[in-house]
Amino acid sequence: MPRKIRELIADLLAAGFSDRSGKGSHRNFVHSRVARPITISGNPGDDAKRYQERAVNRAIEESTS
């Protein structure tokens with residue numbers, strides 16, 4: 001079962017990312033050690049797409065290394 005958008009957001013915030021806001025249902029998260037901002041689209045209750053889960057996992061790995 002896919003994770004929810006709210007779970008991805010919680011993971012990013014727990015890893016030290018800041019919500020830079022966005023337009024509509026898009027949210028941009030930035031971290032000082034990650035080169036690019038991570039954009040998450042969708043409402044908090046929506047199922048996350050596989051590419052969104054991969055992007056979040058890679059960004060969290062990059063921020064800890």
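Keep in mind the model is a prediction, meaning the values are calculated, not measured.
- Residues meeting the side chain to side chain contact (heavy atoms under 4.5 Å, CB included) test with Glu7, sequence neighbours left out: Arg3, Lys4.
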Exercise. With side-chain contact (heavy atoms from CB on, under 4.5 Å) as the test, would you mind laying out the steps for Phe29 and Val56 before giving the verdict?
Key: CA-CA 10 Å; Phe29 293 88; Val56 167; over 6 Å; no
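- Checked for salt-bridge contact, Glu53 and Arg50 meet the test: a charged N lies under 4.0 Å from a carboxylate O.
- Between Ser63 and Ala15, the closest heavy-atom pair is OG-O, 4.4 Å.
- Contact record, Val34 with Ala59: CG2-O, 3.7 Å, taken as the closest heavy-atom pair.
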Quiz item: Phe17 and Ile60: side-chain contact (heavy atoms from CB on, under 4.5 Å), yes or no, with the steps?
Solution: CA-CA 9 Å; Phe17 284 78; Ile60 290 173; 4.3 Å; yes
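- Atom CG of Leu12 sits about 11.0 Å away from atom CG of Asn28, to the nearest 0.5 Å.
- Atom CG of residue Leu8 and atom CG of residue Leu13 lie 11.0 Å apart, to the nearest 0.5 angstrom.
- Atoms CZ and OG, from Arg27 and Ser21 in turn, are 9.0 Å apart once rounded to the nearest 0.5 Å.
- For the atom pair NZ of Lys49 and CD1 of Ile5, the computed distance is 8.0 Å after rounding to the nearest 0.5 Å.
- A distance of 12.0 Å separates CD1 of Ile40 from CG of Asp46, quoted to the nearest 0.5 Å.
- Ser65 is not listed as a side-chain neighbour of Arg33, based on a closest heavy-atom distance of 4.5 Å or more.
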